[in-house]
Amino acid sequence: MNRRTFLKASTAAAIGTLAAGSLALAADAGIELTLGELGAVISPHLYGHFIEHLGGVIYDGVWVGRNSKIPNIDGIRKQFVDDMKRLGAPNLRWPGGCFADGYHWRDGIGKTRPRTYNFWQSRMPKGLDATETNQFGIHEFMNLCRLIGAEPYVAANVGSSTPQEFHDWVSYCNAPAGTLTLAEERGANGDKQPFNIRYWGVGNESWGCGGTMRPEEYATLYRKFVTQFPAYVEPFLVATGPRGHSTDGDIGWTTGFFEGMRGYRPPDGFSIHYYTDLRSTTVKAADFNPAEWYEVLLRGVRLEKVLQDHWNEIGKFDLTHRTKFVVDEWGVWYKPGEELTPSYILSQPITLRDAVHTGLSFDIFNRHAEKIAMANVAQTVNCIHSLFFAEGDRFVRTPVYYVFEMYRAHMGARQVSVRNPAQDGNVTGLAGLSASASLKDRRLTVTLTNPALDASLPVRIRLSSGARAQDAKGQVLTHQDMRATNNFTAPEEVKPVAHPVKILGNGLELTLPKHSVALIQCELS
Ligand code: AHR
């Protein structure tokens, strides 16, 4: 393969500030898929979601109220339900985020609900009310999950609560009808049958907004919170993990927590929050130059090294790797100033760059599927890295939405190992071609991303074990403008289109346009 770099002088100069060797762009590329021996099942939960009581996420994004003129199902925005169903959204994490460690579940049940303090209200622009109305509580959340067909993942309050409050909430949710008084209360509030919630987060960012604890302190609290857990259904308990994008000592959190768990049963899940965090830079969400395109993608792909490093660290304590990662917050986070509307704090424009970042992130998740039990984009609507913007009766799907749609076929399929010379051995840099592949029945799915701004990339896909492709179809998401976006006035500016794929003797061939994400599917014989 020709590995000569194709960066044009202008772009090369623009990215001159990036570390040498961190960018390995290619003039053409070939990948080889090993079909003889398949890898782990790619859990559908890697394509999961997160919604928090923050700005316009829950109120307006998801919940419009039962008396709203906006089409709704029991107060839930119908378009949101329809689109999440279309994606096959596998799960929803709720109620936070930082909100979770200040949330008391009883405030969100029953007819009369109090107005309470919301963690995020101090971040709101002056004069805008963000007190919590508690109209959206556990029953409304479960109704949303049922409507979508998504598994609930609830983050419990550890920072300002007690093990008893946590256990009562679990019993209220999961105790069978006709058993506990809490189950009767649930029935009186409209849900006789138990919710059977399996996934519980035991706190959130306990090193920060969830309690500013040291890892060993949190390990002690974690054990207290889980020892008397009422296990009506086999639970999947998630411990707070590190801030994956921090450079200072986040491995220390992982070491400290697992030290503190020595001799005890390790958690089922260990959360990682990996933001491509631009908040301390001048990089903007909507308007940026080529150097800033690459900077965002380069920071994004460091996720792979973070997963590998923490996995190795956990392996020193948890020798059989019982504990899996739950990447329950990930996405590109720009600094404030470009909000959709002032009260939708943390909302930011989403461009083709964020879509390409999503493809790169999903390829990493797919390649490490055996390590990851779940991942949740932060956050699904009206926020960081969102799939949707909703304001009153206006609704739009962002370019990120379409990448979720394109990668859907990987959900529940078996990992296919990809030999990608542009990528292999390169865990910190941005490769000229990103790829992942999976197989379900005889249906092969390959997803590819070309991050380069300057040139299209001819790609050959070689199939091992004498496999032959039939009925190959391609789709590509790109735009002539790297800053292209979808908004309320031009909602379909960035959208996937059909893309030609040629079948060769033992493989496939296509040309990946510059700055694009592609989906290729075929039947194998
Ligand atoms: O997603 C926004 C915030 O980011 C979450 O509330 C918190 O967990 C993280 O710091």
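These numbers come from the heavy atoms of this one structure, side chains and all, not from hydrogens, waters or symmetry mates. We count ligands from 1, going down the list as the structure has it; atoms in each ligand are counted the same way.
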- Query: Are Trp333 and His245 close enough that their ring centres sit under 6.0 Å apart?
  - Reply: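 That pair fails the under 6.0 Å test.
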
With distance as the sole criterion, is a donor-acceptor pair present between the side chains of [X] and [Y] under 3.5 Å?
X: Asp328; Y: His273; answer: yes
X: His385; Y: Thr358; answer: yes
X: Tyr117; Y: Gln121; answer: no

- Query: Can you list, by chain and residue number, every protein residue with a non-hydrogen atom closer than 4.0 Å to ligand 1?
  - Reply: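 Under the 4.0 Å cut-off, ligand 1 touches Phe50, Glu52, Gly97, Cys98, Trp120, Asn204, Glu205, His273, Tyr275, Glu329, Trp333, Leu346, Gln379, Ile384.
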
- Task: Could you tell me whether Glu292 and Lys284 make a salt bridge, using a distance below 4.0 angstrom between a side-chain N and a carboxylate O?
- Result: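 No salt bridge links Glu292 with Lys284.
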
- Item | Glu216, CD atom: more than 12 neighbouring heavy atoms under 6.0 Å |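 Atom CD in Glu216 is crowded, with more than 12 foreign heavy atoms closer than 6.0 Å.
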
